[in-house]
Amino acid sequence: LLAGGASITSVKLGSVEVATISSSSNTAVEVVADQSTAAPSSTVTLTADTGAFVTGGGFEYLTPSDITSVTPNNGQGGTKVVIAGARLFGGGTDITSVTLASVAATIVSKSDSSVTVNAGISTVVGAGHVQLVSDTGATTTETGGWTYNAAGVISSVTPNSGQAGTEVTIV
């Protein structure tokens with residue numbers, strides 16, 4: 001694959017030059033595919049540091065994933081959140097992680113069209129992105145899709161003891 005050179009300096013998936021070459025050797029090259037509107041199926045071209053190139057194989061650009069709703073779109077740690085959309089597996093078979101406003105969420109269930117999570121605990125109040133990562137490494141992001149609310153605070157419980165039937169006021 002190195003075409004007589006020491007390294008790969010350029011990789012094109014169809015007409016799109018990738019920005020990240022993770023590793024290259026004479027037997028394997030790993031890259032991160034960039035977003036593209038290129039033709040769905042494309043030839044792969046590797047260019048070595050010698051200028052020599054190797055073409056072949058093929059890479060199919062899939063329609064990007066799309067988050068259509070985040071319900072609810074705000075809450076606290078422990079809130080059950082349903083993320084709906086299309087092609088959420090990003091061409092893979094699984095979702096490996098979900099973050100809400102940069103905080104890891106616990107995945108409860110997942111399909112290519114819906115992911116249910118429990119929001120992680122956050123000490124920061126505010127808005128942030130919803131991000132899904134698939135087993136292919138593909139990411140799907142809903143910009144500003146989640147807001148952490150301030151955590152509720154219990155200041156008093158009256159009375160603080162009682163038996164069955166006792167009316168308790170929580171403030």
Side-chain angles (χ1 to χ4, degrees), residues 1-71 73-74 81-124 126-148:
L1 295 176
L2 296 178
S7 65
I8 297 295
T9 58
S10 169
V11 175
K12 286 187 177 181
L13 302 175
S15 62
V16 180
E17 187 161 347
V18 301
T20 304
I21 301 173
S22 304
S23 66
S24 65
S25 72
N26 216 19
T27 58
V29 177
E30 289 189 22
V31 301
V32 176
D34 294 320
Q35 288 190 350
S36 174
T37 56
S41 186
S42 305
T43 300
V44 176
T45 304
L46 307 175
T47 304
D49 55 357
T50 63
F53 62 91
V54 177
T55 61
F59 180 79
E60 179 181 2
Y61 277 101
L62 301 175
T63 303
S65 301
D66 182 36
I67 294 174
T68 56
S69 68
V70 178
T71 308
N73 64 0
N74 66 87
V81 182
V82 178
I83 303 161
R87 301 167 301 282
L88 298 178
F89 284 170
T93 59
D94 197 12
I95 296 292
T96 58
S97 70
V98 176
T99 57
L100 303 173
S102 300
V103 177
T106 302
I107 300 170
V108 176
S109 66
K110 54 199 165 186
S111 73
D112 204 30
S113 60
S114 179
V115 179
T116 301
V117 299
N118 288 329
I121 304 295
S122 177
T123 58
V124 178
H129 308 317
V130 174
Q131 187 172 64
L132 310 177
V133 179
S134 80
D135 58 352
T136 65
T139 59
T140 306
T141 303
E142 178 70 14
T143 303
W146 173 258
T147 300
Y148 271 101

message: With a 4.0 Å cut-off on N to O distance, would you call K110 and D94 a salt bridge?
response: yes

- line: CD of Q131 to OG of S97, rounded to nearest 0.5 Å, is 7.0 Å

- line: Applying side-chain contact (heavy atoms from CB on, under 4.5 Å) to S134 and not counting sequence neighbours gives T136, A138

message: Nearest 0.5 angstrom please: L1 CG to S25 OG, how far?
response: 7.0 Å

field: Non-neighbouring partners of T43 that pass side-chain contact (heavy atoms from CB on, under 4.5 Å), sequence neighbours left out
entry: T55

task: Enter the distance from I95:CD1 to S114:OG here, rounded to the nearest 0.5 Å.
output: 10.5 Å

message: So, using side chain to side chain donor-acceptor pair (under 3.5 Å) as the criterion, who are the partners of N73 when residues are at least two apart?
response: none

message: Rounded to the nearest 0.5 Å, what separates atom OG in S111 from atom CG in L88?
response: 7.0 Å

field: Nearest-0.5 Å distance that lies between atom OG1 in T96 and atom CZ in F89
entry: 10.5 Å

task: Any chance you could measure L132, atom CG, to I67, atom CD1, to the nearest 0.5 Å?
output: 4.5 Å

Under the side-chain contact (heavy atoms from CB on, under 4.5 Å) test, residues paired with T20 that sit two or more places apart: S22, V32

task: Give a yes or no answer on whether the side chain of D66 reaches the backbone of A86 with a donor-acceptor pair at less than 3.5 Å.
output: no

- request: Return the set of residues passing side-chain contact (heavy atoms from CB on, under 4.5 Å) with S102 (not counting sequence neighbours), or none when no residue passes.
  value: none

query: Under a 4.5 Å cut-off applied to non-hydrogen side-chain atoms, are T93 and D135 in contact?
result: yes

message: Using only atom types and a distance under 3.5 Å, with no angle test, would you say the side chain of N26 pairs donor to acceptor with the backbone of L2?
response: yes

message: Go through it in stages, so that I can follow the logic: the residues are V81 and N118, the test is side-chain contact (heavy atoms from CB on, under 4.5 Å), and I'd like the CA-CA distance, side-chain angles, deciding distance and then a yes or no.
response: CA-CA 6 Å; V81 182; N118 288 329; over 6 Å; no

message: Is any side-chain heavy atom of W146 closer than 4.5 Å to one of V103?
response: no

- request: Could you tell me whether the side chain of S113 and the main chain of G85 form a donor-acceptor pair under 3.5 Å?
  value: no

message: With a 4.5 Å cut-off on side-chain heavy atoms, are V29 and L46 touching?
response: yes

Counting only pairs under 3.5 Å, give me each side-chain donor-acceptor contact of residues 3-12, with atom names and distances, residues two or more places apart or in other chains.
| residue | atom | partner | partner atom | Å |
| --- | --- | --- | --- | --- |
| T9 | OG1 | T47 | O | 3.2 |
| S10 | OG | E17 | OE2 | 3.2 |

Student check: side-chain heavy atoms of Y148 and N74 closer than 4.5 Å: no

- prompt: If only atom types and distance count, is the side chain of H129 paired as donor or acceptor with the main-chain N or O of G144 below 3.5 Å?
  reply: yes

